[in-house]
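Inspection log for the structure reproduced underneath, given as structure tokens.
In the text below, chain A, chain B and the rest are named by the order of the sequence lines, each starting its count at 1. Atoms considered below: every heavy atom in the structure, side chains included; atoms not considered: hydrogens, waters and symmetry mates.
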Amino acid sequence: MTWKRTADVVVVGGGVQGCSIAYNLAKLGVKDIVVLEKGSICSGSTGRCGAGIRAQWGTEMNCRFGLASVEKFEQLHEELGMDCGLNQSGYLMVAYKESEFQQLQKSMKLQNSLGIDTRIVSYAEAREICPGLSAADAVGFTFHNRDGHADPFLTTFAYMEAAKRLGVTFHRFTEVTDVKTVGGKIAGVVTTKGDIDAPVVVDAAGGYSQFIAKMAGVDIPNFSERHEILITEPVEAGVCPPMLMSFSGNYYIQQRPHGSIIGGCSPEGHPQDYEMGTSWDFLEMMSRTFVKLLPRTKGVRVVRQWSGLYNITPDKQPVLCEADNVRGFFLSCGYSGHGFMFAPISGELLAQKILGQDPWIAIDQLHYSRFERGDLLIEPAVV
Amino acid sequence: MSEKTNDIIICRCEEITLGEIREWIAKGYETFDELKRVLRVGMGPCQGRGCREMILREIAAKTGKPVADIHPGTFRPPAKPVKLAVLAEGGDK
């Protein structure tokens, strides 16, 4: 592919965030957009994620983002012209402690006030929603039927293919090694393939976004933590249709439409070494969770385990803004494990912001200056 | 190549044909891992034991590179499928 020395917008990162931002900018009429990806498209956190999509959140911002994204996913196939593997079988939240159940109910009231029809379900009904479920030790459950999961690969490729049709250029195997600024404004990027001058640069580098920000002279407190996950061989549908999730139980488990069951949890020791290896400890711990929670999976085989990076902020909510000290440098990062599910909405809102429009959901609160001010928007509902 | 060969199933786990693999290579999905992400080739119970070599040869043919230069893609544990109940019992520490 020929190399052009200039662009109107450079997006750093070929995950779902970068692809959604590029697509939404092109849809709004921006002509010369280049997406740079150091590996291949969807090779980072997006392609390693648990694939969940939910509106069951504990802060108003995340509820609004969650519901807006669910609504986007519902018509994404039509908009992008490619099946994104959407499966809306709901999220079934499982509380094992009274305090946890109270928090779920508090969040449910907030969700209900924002048009999200989450409800409390009994254990009997939970077993109808998830026939193989064994959770007699749970205190309570909440359920939202429009939550679910989609295919992160297909969703990202759908955004990329739609963006390409609108003229966006994608450079794979191209790593950004420096970000150029002049007089408090962005000037462009330096990459392993050459330089590109651009008045707008977007940092959508996922687990590496704090390093790209630092190249631009922008300090964000994001850090990246390794989380592990596994997948089984495909089995008949109906073993675990919804996303089963518990904060105290420390798990999320769902069955994809093709039959494989995916499960992950929060890591012990919170590894921040940027290694994406796999551990026996995780495999053993997660397998115990599977057979306790879904006893019928005892004879189901694990075919693959891997890991990926959560790019985490101090309040587990994203950084979505323009930098104060470097105009033209925009950030979309720090999704703390939820970058896939929020990409349809965050990509649209940031594209509006870049074009000087008012994003239709206000994102002022998601500026990284909140961390310095101590004005955190702490999200309680995170595994 | 005959059109007929396009119907041959290359990845038996996910039932992906040679025609589909050629179609996505032509769209720029020129590495094994990219084809894996878009078509699920190599993601089934055999983890690519059946299809990987054939797909690498197909990438080599379409890109004009020697097959030895085509990256074989990522290999992930476990080496063979293991039942959850066996894993849950734990191992020797």
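Contact tally against chain A (heavy-atom pairs below 4.5 Å) for B/C46, B/A88, B/G28, B/C13: the top residue is B/A88. The greatest number of non-hydrogen atom pairs below 4.5 Å with chain B, out of A/Q305, A/R288, A/M285, is found for A/Q305.
The backbone N or O of B/M43 sits less than 3.5 Å from a side-chain atom of A/R304, completing a donor-acceptor pair.
Note: A/I41 CD1 to B/D33 CG = 13.5 Å, rounded to the nearest 0.5 Å. Note: A/L283 CG to B/L84 CG = 8.5 Å, rounded to the nearest 0.5 Å. Within the model, atoms OG1 of B/T31 and CZ of A/F173 stand 5.0 Å from one another, a figure rounded to the nearest 0.5 Å. For the atom pair NE2 (B/H71) and OG (A/S40), the distance works out to 10.0 Å, reported to the nearest 0.5 Å. Expressed to the nearest 0.5 Å, how far CZ of B/R76 lies from CD1 of A/I231 amounts to 11.0 Å.
Interface residue A/T278: only side-chain heavy atoms are found under 4.5 Å from chain B. In this structure, the portions of B/E34 lying under 4.5 Å from any heavy atom of chain A include both its backbone and its side chain. Using a 4.5 Å cut-off between heavy atoms, A/M276 does not touch chain B at all. Both the backbone and the side chain of A/V302 come within less than 4.5 Å of a heavy atom of chain B. Contact of A/K164 with chain B is made through the side chain alone, with heavy-atom distances under 4.5 Å.
Across A/K298, A/R301, A/E233, a single residue satisfies side chain to side chain contact (heavy atoms under 4.5 Å, CB included) together with B/K83, and that is A/R301.
Counting heavy-atom neighbours within 6.0 Å of B/E23 CD, excluding the residue itself, gives a total above 12. Counting heavy atoms of neighbouring residues, nucleotides and ligands inside a 6.0 Å radius, atom NZ of B/K80 does not exceed 12 of them. Within 6.0 Å of CZ on B/R12 lie no more than 12 heavy atoms contributed by other residues, nucleotides or ligands.
A/S43 and B/R37 share no side-chain donor-acceptor pair at under 3.5 Å.
In summary, A/E161 and B/K27 do not engage in a salt bridge, as defined by a charged side-chain N under 4.0 Å from a carboxylate O.
In this structure, the side chains of A/E284 and B/L87 stay at 4.5 Å or more apart for every pair of heavy atoms.
The two residues A/M82 and B/V38 come nearest to each other via the heavy atoms CE-CG2, 4.4 Å.
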